[in-house]
Asks: 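Sending over a structure as structure tokens; questions will come in a sec.
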Amino acid sequence: ADKATTELLQLDRTEPLCHLVRGRYLLLKGDLEGADGAFELAVALAKDGEGFEQKVRLAELRSERGKKKEASALLAKILSDYQERENLAPVEFVWVARACRLLDFDSEVKAEYAQKMTAYARQMLDQALDKDPRLTSALVEYGQLYLDKGDTPAASTAFEKAVKADPNDAVARVGFARALEGAYYKGSGRYGDVEAELKKALAADPTCAEAHTTLAQMAVTDGEPERA
């Protein structure tokens, strides 16, 4: 993967997608500094009003690294760019929705908008699903939106729709597992179903870090740290 992404960049260093793919690989590898640089280049090379995905990924990474203000500025830029755009692709609506969901945790920024960020996120996702009712990423984002608010039944429903739309989507499987875990701790659902979904996620994508992390956390919770 390292060689492949390097060769991809050598083909065209002015293509934002090449740097985006490289950034995702470096993030998976644990090279946060390298991923930050790659995502930043992907943002810089994107055309005006575009590059929603790279902005969100860079914002998430910078937030994780403690650069909250930089992260919020990137997310706010997405909302500004969205207002200048027409005819967005379904997946672009999903990235705008994700930006709204993340901004819901920033009280200063969200106070500048008339509606709640979750309301804006739902509007974006509804537009995405109007164009493509089986768009897995939109269903996953809906599930995450509900999960953030503690609505595990609604989250489970959204994630279940996502895994039915694409049984091999590891991210959808992990989201469904987390919703099932939340339901279990609220007195409904079976703990075994959580592990089953995570194993299905790993069967679809053995490199899925979220599935590995969640399984490790479950092992520690179960008092079996050696399984982690």
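Given the structure is predicted, the values throughout are model-derived calculations rather than measurements.
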Asks: For Val194 versus Ala177, what's the shortest heavy-atom pair and its separation?
Replies: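 Smallest heavy-atom distance, with atoms named: CG1-O, 3.5 Å.
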
Asks: Taking all non-hydrogen atoms of both residues into account, name the closest pair between Ala179 and Ser156 and its distance.
Replies: CB-OG, 3.4 Å

Asks: Write out all pairs satisfying side chain to side chain donor-acceptor pair (under 3.5 Å) with one or both partners inside residues 164-175, taking only residues at least two apart or from two chains.
Replies: Arg173-Glu197

Asks: Nearest 0.5 Å, please: how far is CG in Leu79 from CG in Leu74?
Replies: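 It comes to 11.5 Å.
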
Asks: Applying side chain to side chain donor-acceptor pair (under 3.5 Å), name anything that partners Asp132, two or more places apart in sequence or on another chain.
Replies: none

Asks: Can you tell if the side chain of Glu70 reaches within under 4.5 Å of the side chain of Leu58, non-hydrogen atoms only?
Replies: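 A side-chain contact is absent here, since even the closest heavy-atom pair is not under 4.5 Å.
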
Asks: Distance check, rounded to the nearest 0.5 Å: Asp106 atom CG versus Glu112 atom CD?
Replies: 8.5 Å

Asks: State which residues pass side chain to side chain donor-acceptor pair (under 3.5 Å) with Glu64; sequence neighbours excluded, sorted by chain then number.
Replies: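 Applying side chain to side chain donor-acceptor pair (under 3.5 Å) to Glu64 gives none.
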
Asks: Would you check if Val109 and Leu75 make a side-chain contact, meaning some heavy-atom pair closer than 4.5 Å?
Replies: no

Asks: Can you give me the closest heavy-atom contact between Cys208 and Leu202, atom names plus distance?
Replies: O-CD2, 3.8 Å

Asks: Hey, any chance Val91 and Leu125 share a hydrophobic cluster, counting ILVMFWY side chains that come within less than 4.5 Å of each other, even indirectly?
Replies: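 Val91 does not cluster with Leu125.
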
Asks: Using the test side chain to side chain donor-acceptor pair (under 3.5 Å), find all partners of Ser63 that sit at least two apart in sequence or belong to another chain.
Replies: Lys68

Asks: So, do Leu20 and Arg57 sit near enough that their side-chain heavy atoms are less than 4.5 Å apart?
Replies: yes

Asks: Verify the cluster assignment for Val163 and Leu135: are they in a single hydrophobic cluster under the rule of side-chain heavy atoms below 4.5 Å apart?
Replies: no

Asks: Who are the salt bridge (charged side-chain N to carboxylate O under 4.0 Å, His left out) partners of Lys69, not counting sequence neighbours?
Replies: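 Lys69: no salt bridge (charged side-chain N to carboxylate O under 4.0 Å, His left out) contacts found.
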
Asks: Can you list every ring pair (Phe, Tyr, Trp, His ring centres under 6.0 Å) pair that touches residues 77-106, not counting sequence neighbours?
Replies: none

Asks: To the nearest 0.5 angstrom, please state how far the CG atom of Leu27 sits from the CG atom of Asp31.
Replies: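 CG of Asp31 is found 9.0 Å from CG of Leu27.
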
Asks: Other than Leu28, which residues form its hydrophobic cluster under the rule that side-chain heavy atoms must be closer than 4.5 Å?
Replies: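 Members other than Leu28 - counting any ILVMFWY side chain reachable under 4.5 Å - there are none.
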
Asks: Looking only at non-hydrogen atoms, find the nearest pair between Thr136 and Ala162 and report the distance.
Replies: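 Of all heavy-atom pairs spanning Thr136 and Ala162, the closest is CG2-O, 3.8 Å.
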
Asks: Search all heavy atoms of Thr14 against all heavy atoms of Pro16 and return the closest pair with its distance.
Replies: O-CD, 3.4 Å

Asks: Starting at OG1 of Thr118, measure out to CZ of Arg122 and round the result to the nearest 0.5 Å.
Replies: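 With rounding to 0.5 Å, OG1 (Thr118) is 5.0 Å from CZ (Arg122).
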
Asks: Are Val94 and Leu147 connected in a single hydrophobic cluster, I mean Ile/Leu/Val/Met/Phe/Trp/Tyr linked by side-chain heavy atoms less than 4.5 Å apart?
Replies: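 Each belongs to a different hydrophobic cluster.
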
Asks: Do Leu102 and Phe52 belong to the same hydrophobic cluster, where Ile, Leu, Val, Met, Phe, Trp and Tyr are linked whenever their side-chain heavy atoms lie under 4.5 Å apart, directly or via other members?
Replies: yes

Asks: To the nearest 0.5 Å, what is the distance between CG (Asp193) and CD (Glu181)?
Replies: 12.0 Å

Asks: Name all pairs fulfilling the salt bridge (charged side-chain N to carboxylate O under 4.0 Å, His left out) condition that reach into residues 33-46, sequence neighbours left out, sorted by first residue then second.
Replies: Glu33-Arg65, Asp36-Arg62, Asp36-Arg65, Glu40-Arg62

Asks: Going from CZ on Arg178 to OG1 on Thr152, what distance comes out if it is rounded to the nearest 0.5 angstrom?
Replies: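 Interatomic distance, Arg178 CZ to Thr152 OG1, rounded to 0.5 Å: 15.0 Å.
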
Asks: Test your reading of the model: is there a side-chain donor-acceptor pair from Ser80 to the backbone of Ala76, 3.5 Å cut-off?
Replies: no

Asks: Considering only distance and modelled atom types, tabulate donor-acceptor pairs under 3.5 Å from the side chains of residues 41-51, sequence neighbours left out.
Replies:
none

Asks: In terms of hydrophobic clustering (I, L, V, M, F, W, Y; side-chain heavy atoms under 4.5 Å; direct or indirect links), are Met124 and Ile78 co-clustered?
Replies: yes

Asks: Do Phe176 and Glu160 come close enough that some side-chain heavy atom pair is under 4.5 Å?
Replies: yes

Asks: Filter on salt bridge (charged side-chain N to carboxylate O under 4.0 Å, His left out), then keep only pairs touching residues 79-104, sequence neighbours left out; what's left?
Replies: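 As it turns out, the salt bridge (charged side-chain N to carboxylate O under 4.0 Å, His left out) pairs with a partner in residues 79-104, which skip direct neighbours, are Lys55-Asp81, Glu60-Arg98, Lys77-Asp81, Arg85-Glu92, Arg101-Glu141, Arg101-Asp148, Asp104-Lys110, Asp104-Lys149.
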
Asks: Give me each pair satisfying ring pair (Phe, Tyr, Trp, His ring centres under 6.0 Å) with a member in residues 135-165, each pair once, sequence neighbours excluded.
Replies: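 Applying ring pair (Phe, Tyr, Trp, His ring centres under 6.0 Å) to every pair that reaches into residues 135-165, excluding sequence neighbours, yields Tyr142-Tyr146.
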
Asks: With a 4.5 Å heavy-atom cut-off, do Arg22 and Phe39 have their side chains touching?
Replies: no

Asks: Kindly give the heavy-atom pair with the smallest separation between Ala138 and Leu129, and that separation in Å.
Replies: CB-CD2, 3.7 Å

Asks: Spell out, as yes or no, whether a donor-acceptor pair under 3.5 Å connects the side chain of Lys131 to the backbone of Leu88.
Replies: yes

Asks: For Ala121, what residues pass the side chain to side chain contact (heavy atoms under 4.5 Å, CB included) criterion, not counting sequence neighbours?
Replies: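 Ala97, Cys100, Leu145.
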
